[in-house]
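Below is one structure, written out as C-alpha cells; the observations come after it.
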Amino acid sequence: MNSCIFILRLIEDPSQENLHGNMKLLEVKAIYKYIKKGKVFNKIINLLIWGTQIDNVIKYYRKNDYIIVQGFLRRFSEPNLKNFKLKDVRTEISVLNIYLLFPFIEIS
C-alpha cells in the first residue's frame, strides 16, 4: 500500500453505509483526471471511508464536489470473464482524511 494525496471529483452522492463486523464503511466513487501525451484520461477510484468521518461525508458532500483525499492506494487486477487475455484493474483508496475543496453549487 502507498500513502497518497489526491484531488478528486465525486461522481455519486454518498448515501449507503455498510457494516463489516462492528466497523462502519462507506463506499463512494470518485473520478481522477490526468493528462498523458497531451490527452485527458479519466480514472474511476473507489473511496473506502471508515468510522466517524462517514456522518460528515453523508451530511455535507454531494455529487460533483471536488475533494482532497489522503489515504492508502491499492490496485486490484481481476481476470475479465469475457476475454481471458485482458484484466480489469480496480483502484481503491482507504481514506484517512477527507476535505471539501470546491462544493458544487447548482444555480437555478
Side-chain angles (χ1 to χ4, degrees):
M1 285 196 249
N2 299 318
S3 179
C4 62
I5 298 174
F6 281 100
I7 296 176
L8 305 170
R9 182 173 56 88
L10 295 176
I11 58 174
E12 65 182 13
D13 282 328
S15 60
Q16 182 80 22
E17 61 185 66
N18 302 323
L19 289 176
H20 288 279
N22 292 334
M23 294 289 295
K24 292 193 321 186
L25 171 67
L26 176 66
E27 293 187 42
V28 181
K29 292 193 186 310
I31 196 165
Y32 173 70
K33 291 189 177 199
Y34 62 97
I35 299 173
K36 186 175 181 181
K37 295 183 181 178
K39 295 182 181 178
V40 177
F41 295 93
N42 297 320
K43 179 71 178 171
I44 294 177
I45 297 177
N46 196 26
L47 302 176
L48 303 175
I49 303 168
W50 302 88
T52 58
Q53 296 185 75
I54 292 174
D55 298 330
N56 287 335
V57 171
I58 290 174
K59 187 173 181 181
Y60 297 113
Y61 293 51
R62 296 290 168 248
K63 181 179 179 180
N64 293 324
D65 285 349
Y66 281 88
I67 57 172
I68 298 175
V69 173
Q70 178 186 5
F72 294 103
L73 181 68
R74 297 183 348 176
R75 295 185 71 198
F76 298 98
S77 295
E78 296 176 347
N80 189 341
L81 299 177
K82 294 179 182 176
N83 183 353
F84 292 105
K85 294 180 183 178
L86 299 175
K87 290 188 176 182
D88 293 332
V89 178
R90 288 188 309 138
T91 306
E92 288 184 350
I93 298 177
S94 293
V95 176
L96 295 175
N97 294 311
I98 186 168
Y99 306 100
L100 189 59
L101 185 61
F102 298 118
F104 178 74
I105 300 172
E106 191 171 328
I107 299 173
S108 306

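Remember, predicted model here, so these are calculated numbers, not experimental data. When a residue number appears, it is its place in the shown sequence, counting from 1.
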Step-by-step side-chain contact (heavy atoms from CB on, under 4.5 Å) determination, Glu12 to Lys63: CA-CA 5 Å; Glu12 65 182 13; Lys63 181 179 179 180; 5.7 Å; no
Between Val95 and Ile98, the two heavy atoms sitting closest are CG1-CB, 3.9 Å
Flag side-chain contact, heavy atom, 4.5 Å: Leu25 against Glu27: yes
How long is the straight-line distance from OH of Tyr60 back to CG of Asp55, given to the nearest 0.5 Å? 10.0 Å
Compare every heavy atom of Tyr32 with every heavy atom of Ile7, then report the nearest pair and how far apart it is. O-CD1, 4.0 Å
Taking Ile11 as the starting point, is it possible to reach Leu8 by hopping between hydrophobic residues whose side chains are less than 4.5 Å apart? no
Can you tell me how far the OG1 atom of Thr91 sits from the CG atom of Leu73, to the nearest 0.5 Å? 6.5 Å
How many angstroms lie between atom CZ of Arg9 and atom CD1 of Ile31, to the nearest 0.5 angstrom? 5.5 Å
Before you tell me yes or no, could you show the steps for Asn46 and Arg90 under side chain to side chain donor-acceptor pair (under 3.5 Å), namely the whole-Å CA-CA distance, both residues' side-chain angles and the distance that decides it to 0.1 Å? CA-CA 8 Å; Asn46 196 26; Arg90 288 188 309 138; over 6 Å; no
Counting only N and O atoms by type, is there a donor-acceptor contact under 3.5 Å from the side chain of Gln53 to the main-chain atoms of Leu96? yes
What's the spacing between Leu100 CG and Tyr66 OH if we round to 0.5 Å? 12.5 Å
List the atom of Leu26, the atom of Pro14, and the distance in Å for their closest heavy-atom pair. CD2-CB, 4.1 Å
Rounded to the nearest 0.5 Å, what separates atom OH in Tyr61 from atom OG in Ser15? 16.0 Å
Is there a side-chain contact (heavy atoms from CB on, under 4.5 Å) between Asn64 and Leu10 once you walk through the steps? CA-CA 5 Å; Asn64 293 324; Leu10 295 176; over 6 Å; no
For the CG atom of Leu48 and the CZ atom of Phe72, what is their distance to the nearest 0.5 Å? 13.0 Å
Just one of Ile49, Ile67, Leu47 clears the side-chain contact (heavy atoms from CB on, under 4.5 Å) bar with Val57, so which one? Ile49
Tell me if the NZ atom of Lys43 is crowded by more than 12 foreign heavy atoms within 6.0 Å. yes
Report yes if the side chains of Ile35 and Phe41 come closer than 4.5 Å at any heavy-atom pair, otherwise no. no
